[in-house]
Engineer: 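Quick one: this structure, given as structure tokens, is what I'll be asking you about.
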There are 2 protein chains.
Amino acid sequence: MTSSKAAVGKPLRARKEAPAAEPTHEAGELAMGELAGLLGYALKRAQLRVFEDFLHCVAPVQLTPAQFSVLLLLDANPGRNQTEIATTLGILRPNFVAMLDALEGRGLCVRTRSPNDRRSHILMLTDKGRATLARAKKLVETQHEARLVELIGDDNRTALLAMLAKIAREF
Amino acid sequence: MTSSKAAVGKPLRARKEAPAAEPTHEAGELAMGELAGLLGYALKRAQLRVFEDFLHCVAPVQLTPAQFSVLLLLDANPGRNQTEIATTLGILRPNFVAMLDALEGRGLCVRTRSPNDRRSHILMLTDKGRATLARAKKLVETQHEARLVELIGDDNRTALLAMLAKIAREF
DNA sequence: TATTGTTATACTCTATAACTATA
DNA sequence: TATAGTTATAGAGTATAACAATA
């Protein structure tokens with residue numbers, strides 16, 4: 001149980017005899033230079049790491065982050081069609097077809113033609129889909145997100161989430 | 001000039017007559033459900049948006065985020081070889097070849113065989129590469145990162161960067 | 001034998017056009 | 001004609017194996 005209110009990035013300035021500003025890189029280590037201050041770079045690196053950990057934590061139920069997001073959205077919005085679900089997740093309709101084929105093939109959800117508009121496919125989670133989602137959610141909460149809170153603290157996680165959401169929405 | 005110290009995500013609870021908890025979604029809007037609390041999802045969405053804006057801001061010098069990161073690293077570490085630069089950026093050596101071909105083809109950097117180890121290609125920015133990098137850096141600072149600071153504030157940007165770096169490093 | 005840069009290759013994501021069946 | 005789901009396809013990004021030159 002590490003401190004759950006860990007400070008985020010204490011630079012720990014002041015050592016014995018730092019020559020100037022940047023820490024000397026002894027011909028073996030590369031200097032990150034201004035890369036360290038680039039938000040996009042940090043975002044990408046963190047995102048890759050988080051997805052990697054997600055994949056590992058949710059491995060028992062064999063769901064990718066994208067698949068998990070689809071199941072979550074189907075659960076919160078039963079009876080919607082493919083276009084609505086896909087566009088909400090930023091997935092293009094053509095690319096959503098194969099994704100759904102996989103999920104439906106595993107019996108996690110079903111497509112049914114809408115009686116109102118026979119062009120649309122109404123999407124619903126199956127019981128197995130709901131059970132799988134529940135198992136995945138527990139894994140995400142107790143392993144994935146829990147480890148993250150352990151690393152940066154609960155308040156920081158909330159602040160981080162808020163900033164990311166704001167950027168995605170308003171930037 | 002919007003407030004540069006903008007609050008990040010004030011939920012603004014308490015309206016006139018909210019039925020229960022979640023805001024009612026009137027058959028036209030989808031409920032994000034627990035997706036809103038998933039850090040990986042927020043990370044991905046924010047990263048996509050930030051890269052999109054980066055691409056737009058740096059369009060005058062025609063550099064992708066990945067290419068910009070290579071030039072930055074070459075500038076901070078002149079005389080390194082391909083393997084060192086690539087692995088530092090998390091790029092696999094085979095995939096770095098075409099990237100370098102493009103940059104070298106535009107005259108932004110050069111490969112020269114090392115006299116010590118004739119297997120290695122020493123990488124160096126050209127004058128044109130340094131000039132292009134300088135132009136790109138100015139665009140990133142004055143447009144891209146500046147807009148981000150305008151959106152979330154300078155302190156929040158610093159905190160965000162620190163958390164993302166910590167996650168990439170230690171998660 | 002091990003390493004550097006390279007080629008070839010494959011698999012995933014993403015993006016666009018166009019088809020079909022419905023409306 | 002317009003829309004929903006679909007197919008085909010092309011382009012990035014990413015991953016592994018293997019080869020030639022060099023150590």
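Below, all heavy atoms of this structure are taken into account, side chains as well, without hydrogens, waters or symmetry copies. Each chain gets a letter, A, B and so on, in the order the sequences are listed, and its residues count up from 1.
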Engineer: Can B:K138 and B:E141 be counted as an ion pair, charged N to O under 4.0 angstrom?
Structural biologist: no
Engineer: Could you check A:R118 against B:R111 and say which one's nearest nucleotide on DNA chain C is further toward the 5' end?
Structural biologist: B:R111
Engineer: Nearest to the side chain of A:D117, heavy atoms from C-beta on, is which of D:dT6, C:dA23, C:dT14?
Structural biologist: C:dA23
Engineer: Given atom CG of B:L89 and atom P of D:dT14, what is their separation to the nearest angstrom?
Structural biologist: 11 Å
Engineer: Hey, does the side chain of A:R119 come within less than 4.0 Å of D:dG5's phosphate (OP1/OP2), counting only N and O?
Structural biologist: no
Engineer: Can a side chain N or O of A:S120 be found less than 4.0 Å away from OP1 or OP2 on C:dT22?
Structural biologist: no
Engineer: Does A:R93 place a side-chain N or O at less than 4.0 Å from the phosphate oxygens OP1/OP2 of D:dG5?
Structural biologist: no
Engineer: Using atom CG of A:L100 as one end and atom C1' of D:dT7 as the other, report the distance to the nearest whole Å.
Structural biologist: 15 Å
Engineer: Would you mind reading off the distance between B:N81 atom CG and C:dA2 atom P, rounded to a whole angstrom?
Structural biologist: 20 Å
Engineer: In whole angstroms, how far is the C1' atom of C:dC13 from the CD atom of B:Q47?
Structural biologist: 12 Å
Engineer: Assign each of A:I122 and A:K44 to its nearest nucleotide of DNA chain D by heavy atoms, then name whichever residue's nucleotide is nearer the 5' end.
Structural biologist: A:I122
Engineer: Does a side-chain N or O of B:T83 approach OP1 or OP2 of C:dT3 to a distance below 4.0 Å, or not?
Structural biologist: no
Engineer: Check the distance between C:dA23's P and A:H121's NE2 and give it to me in whole angstrom.
Structural biologist: 12 Å
Engineer: Is it true that A:R157 and A:D154 have a side-chain N and a carboxylate O under 4.0 angstrom from each other?
Structural biologist: no
Engineer: Calculate, to the nearest 0.5 Å, the distance between atoms CG and CG belonging to A:L48 and A:D53 respectively.
Structural biologist: 13.0 Å
Engineer: Can you tell me the distance, in whole Å, between the CG atom of A:L92 and the P atom of D:dT7?
Structural biologist: 16 Å
Engineer: Would you classify A:N95 as touching base, sugar-phosphate or nothing, given that sugar-phosphate means primed atoms plus P, OP1 and OP2, and contacts are heavy atoms under 4.0 Å?
Structural biologist: base
Engineer: Would you kindly give the CD-to-C1' distance between A:Q82 and D:dT3, to the nearest whole Å?
Structural biologist: 13 Å
Engineer: First locate atom CZ of B:R93, then atom CG of B:L100, and finally report the distance between them rounded to the nearest 0.5 Å.
Structural biologist: 13.0 Å
Engineer: Take A:V97 and B:A66, find for each the nucleotide of DNA chain D with the closest heavy atom, and name the residue whose nucleotide sits nearer the 5' end.
Structural biologist: A:V97
Engineer: Which residue in the set B:Q82, B:R111, B:R80 passes side chain to side chain donor-acceptor pair (under 3.5 Å) when paired with B:H121?
Structural biologist: B:Q82
Engineer: Can you tell me the distance, in whole Å, between the CZ atom of B:F96 and the P atom of D:dT14?
Structural biologist: 13 Å
